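Have a look at the structure below, then the notes.
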Amino acid sequence: MVESIDGDDWQYRLTDIANEILDNQQDTETVFTIFARHILVNLTGMSLIKAIEAINSRGDKPQLEIIAYELQEMGYSLSTNCTYVSTMRQWLQEAKVLEKSYEINWDRVYDLLELDQDYIDELYTLSSEQKYFLLAMLQMAITELTEWNKITRYATSVYKIRFPSKSFVQDIIQPLVKVGLIATEKTTGGRGAKPNLVKLTEKSQMELLSRLLQSISDITEISQTELNRSFEDVVNDLDNPDKHIKGKALELLAIWMIRLTSLRFTKWRKRDYETGQGEVDVLAASDRFVYHRWQIQCKNTKRVDVEVLAKEVGMTFVTGSDVVMIVTTGEFTRDAFQYAYRMMEVSRYYMVLIQKEDIDAIKQDRTNIIKILDRRARRVFAKKELGLTDDTIDEIEIEDNSLAESLEVSGEE
């Protein structure tokens, strides 16, 4: 509502939005309209209603704490007990964007922004790189065909974003063309390969689009539609021959691991799936009983050896993690298991190794993740505190499983 004058922290003035509200202070409906548009376009109001939409689509009740978790999964850093969500929701309800607290009035959103729901959904499916490239085109007003590398130089300089050099047309230009936000032509004539020409379409030349895009450009590029996909669908996509689809599935697998273990998303550590390395890293935290920071890596490789585990332990000095979970769609080598147990015996770190057979068990019943983690924890306790050998622990587990099966059979009779 206020801004500094010429960067002077001692002098402030009202913003244009504040003055517009004051000019219409006698008309409360207009005031609510102005402020709601400001929340949706310049702040994070659009992400709030997208989070509510995602929760509603799952059949859950969008309570404030659940909304905060959803926003965390989208990439926002906020506490689950903060008041921002509640305050913003109340203002949007006053403007009739939300009805009965948590029902979204998309007709009202269109009245405010002149953007329909499908258009907004398309923006949320874009990756960060695609959003920044489009944002750079809007800032540069690229209405005439222009070589795309000139735009990337601007975007790299202003937004400090890195773009894929070898697959730029496939990863950036083609998806934006597909949703109708830019047009492209291949250059003809002359010697040597030349970059494609691009320009904004009429669909993307909207006054509010640039500001809305700016407000959502840094959030995780996983859309609400993708976040709502089933665990089974995600795991099946890990075998997809398309590298982009496989990479998305790996990200979603990391999110599912956080959900299934009741952790709280903190942030992405890095994204390597674009390079073909087949790994995704995410940080999460647990505040159950005591605070723990989890470092989760998902790998889509056939075998994971000890070098991967050693690298993750080394990264804990940077991330401050106490628990290292590595999930693979393949298998861990014997040396990797031995390294993990040895590391837990002599250090403060706890390592969780989840491989293909575990994922298959979780596909059959999601609650199996708890059984798997409990079994891992009992084994570590038996080795570290009781000094039992692996063979002894195996014998005890076989006896426990036989007893459990017997009890199930007698219960059925």
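Since the model is a prediction, treat every value here as computed from it, not as a measurement. One-based numbering along the sequence shown.
Counting heavy atoms from C-beta outward, Leu98 and Ile52 have side chains that approach closer than 4.5 Å. Side-chain contact between Val308 and Gln297 is present, with heavy atoms from C-beta onward closer than 4.5 Å. Between Glu20 and Thr15 there is no side-chain heavy-atom pair separated by less than 4.5 Å. The shortest distance between side-chain heavy atoms of Ile151 and Val198 falls below 4.5 Å. Side-chain contact between Lys199 and Thr143 is absent, with no heavy-atom pair separated by less than 4.5 Å. With contacts defined as side-chain heavy-atom distances shorter than 4.5 Å, the pair Ile258/Val282 qualifies. The shortest distance between side-chain heavy atoms of Phe231 and Ile362 falls below 4.5 Å. Lys299 is not listed as a side-chain neighbour of Thr329, based on a closest heavy-atom distance of 4.5 Å or more.
Formation of a donor-acceptor pair under 3.5 Å by the Ser347 side chain with backbone atoms of Met343 is found in this model. A donor-acceptor pair is defined here as one N or O able to donate and one able to accept, closer than 3.5 Å; no such pair exists between the side chain of Ser167 and the backbone of Gln170. With hydrogens and angles ignored, the 3.5 Å screen pairs no side-chain donor or acceptor of Arg293 with any backbone N or O of Leu283. A donor-acceptor distance shorter than 3.5 angstrom exists from the side chain of Ser127 to the backbone of Gln130, with no hydrogens or angles considered. Checked by atom type and distance alone, the side chain of Asp322 never pairs as donor or acceptor with a backbone atom of His292 at under 3.5 Å. Side chain of Tyr102 to backbone of Glu53: no donor-acceptor contact under 3.5 angstrom is found. Not one N or O on the side chain of Ser321 forms a donor-acceptor pair closer than 3.5 Å with the backbone of Val324. Between the side chain of Gln364 and the main chain of Ala361, no donor-acceptor pair closer than 3.5 Å is present.
Applying the salt bridge (charged side-chain N to carboxylate O under 4.0 Å, His left out) rule to pairs touching residues 351-364 yields Lys356-Asp360, Asp358-Arg376, sequence neighbours excluded. Within the structure, ring pair (Phe, Tyr, Trp, His ring centres under 6.0 Å) contacts touching residues 359-378 (residues at least two apart or in different chains) do not occur.
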Evaluate Val352 against Ile296 for side chain to side chain contact (heavy atoms under 4.5 Å, CB included), listing each step before the verdict. CA-CA 9 Å; Val352 182; Ile296 303 173; over 6 Å; no
Begin with the C-alpha distance, continue with both residues' side-chain angles, and end with the deciding distance and a verdict on side-chain hydrogen bond (donor to acceptor under 3.5 Å, both in side chains) for Thr316 and Arg348. CA-CA 11 Å; Thr316 60; Arg348 66 178 179 86; 4.9 Å; no
Applying side chain to side chain contact (heavy atoms under 4.5 Å, CB included), run through Met351 and Val313 and close with a yes or a no. CA-CA 9 Å; Met351 303 193 75; Val313 171; 4.0 Å; yes
Side chain to side chain contact (heavy atoms under 4.5 Å, CB included) assessment of Leu200 paired with Leu181: CA-CA 6 Å; Leu200 295 167; Leu181 293 171; over 6 Å; no
Any chance you could lay out the side chain to side chain contact (heavy atoms under 4.5 Å, CB included) test for Glu94 and Gln90, step after step, and finish with the verdict? CA-CA 6 Å; Glu94 291 287 353; Gln90 289 173 355; 5.7 Å; no
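Gln93 and Arg89 share a side-chain donor-acceptor pair at under 3.5 Å. Under 3.5 Å, the side chains of Glu65 and Tyr69 contain a donor-acceptor pair of N or O atoms. Thr328 and Gln355 are not linked by any side-chain donor-acceptor pair at a separation below 3.5 angstrom, with hydrogens and angles left out of the test. A donor atom on one side chain and an acceptor atom on the other are found under 3.5 Å apart for Thr33 and Arg108.
Thr201 and Gly180 get closest at one heavy-atom pair: OG1-O, 2.6 Å. Nearest heavy atoms, Ala249 versus Val234: O-CG1, 3.2 Å. Across every non-hydrogen atom of Leu64 and Ser86, the tightest pair is CD1-CB, 3.9 Å. The minimum heavy-atom distance between Glu129 and Arg162, with the atom names listed, is CG-O, 3.6 Å. Looking at every heavy atom in both residues, Thr301 comes nearest to Val304 through OG1-CG2, 3.7 Å. Minimum heavy-atom separation, Met88 to Gly45: SD-CA, 3.5 Å.
By the ring pair (Phe, Tyr, Trp, His ring centres under 6.0 Å) test, Phe35 is found to be paired with His38, Trp91, residues two or more places apart in sequence or in another chain being considered. Phe168 is linked by a ring pair (Phe, Tyr, Trp, His ring centres under 6.0 Å) to Phe133, Trp148, Phe163, counting only residues two or more places apart in sequence or in another chain. Under the rule for a salt bridge (charged side-chain N to carboxylate O under 4.0 Å, His left out), Arg153 has no partner lying at least two apart in sequence or in another chain. Judged as a side-chain hydrogen bond (donor to acceptor under 3.5 Å, both in side chains), and not counting sequence neighbours, the contacts of Asn105 are Glu99.
A cation-pi arrangement is not found for Arg303 relative to Phe332, the charged atom failing to lie both closer than 6.0 Å to the ring centre and inside a 45° cone about the ring normal.
A distance of 8.5 Å separates CE of Met325 from SG of Cys298, quoted to the nearest 0.5 Å. For the atom pair OG of Ser204 and CD1 of Ile182, the computed distance is 8.5 Å after rounding to the nearest 0.5 Å. A distance of 4.5 Å separates CD1 in Ile369 from CD1 in Ile354, rounded to the nearest 0.5 Å. For the atom pair Asn196 CG and Lys186 NZ, the distance stands at 6.5 Å (nearest 0.5 Å). Here the straight-line distance linking atom CD1 of Ile104 with atom CG of Leu48 works out to 8.5 Å at 0.5 Å rounding. Atom OG1 in Thr184 sits 13.0 Å away from atom CD1 in Ile172 (nearest 0.5 Å).
For OH of Tyr110, the number of neighbouring non-hydrogen atoms (other residues, nucleotides, ligands) closer than 6.0 Å is 12 at most. No more than 12 heavy-atom neighbours from other residues, nucleotides or ligands sit within 6.0 angstrom of CG on Asp16.
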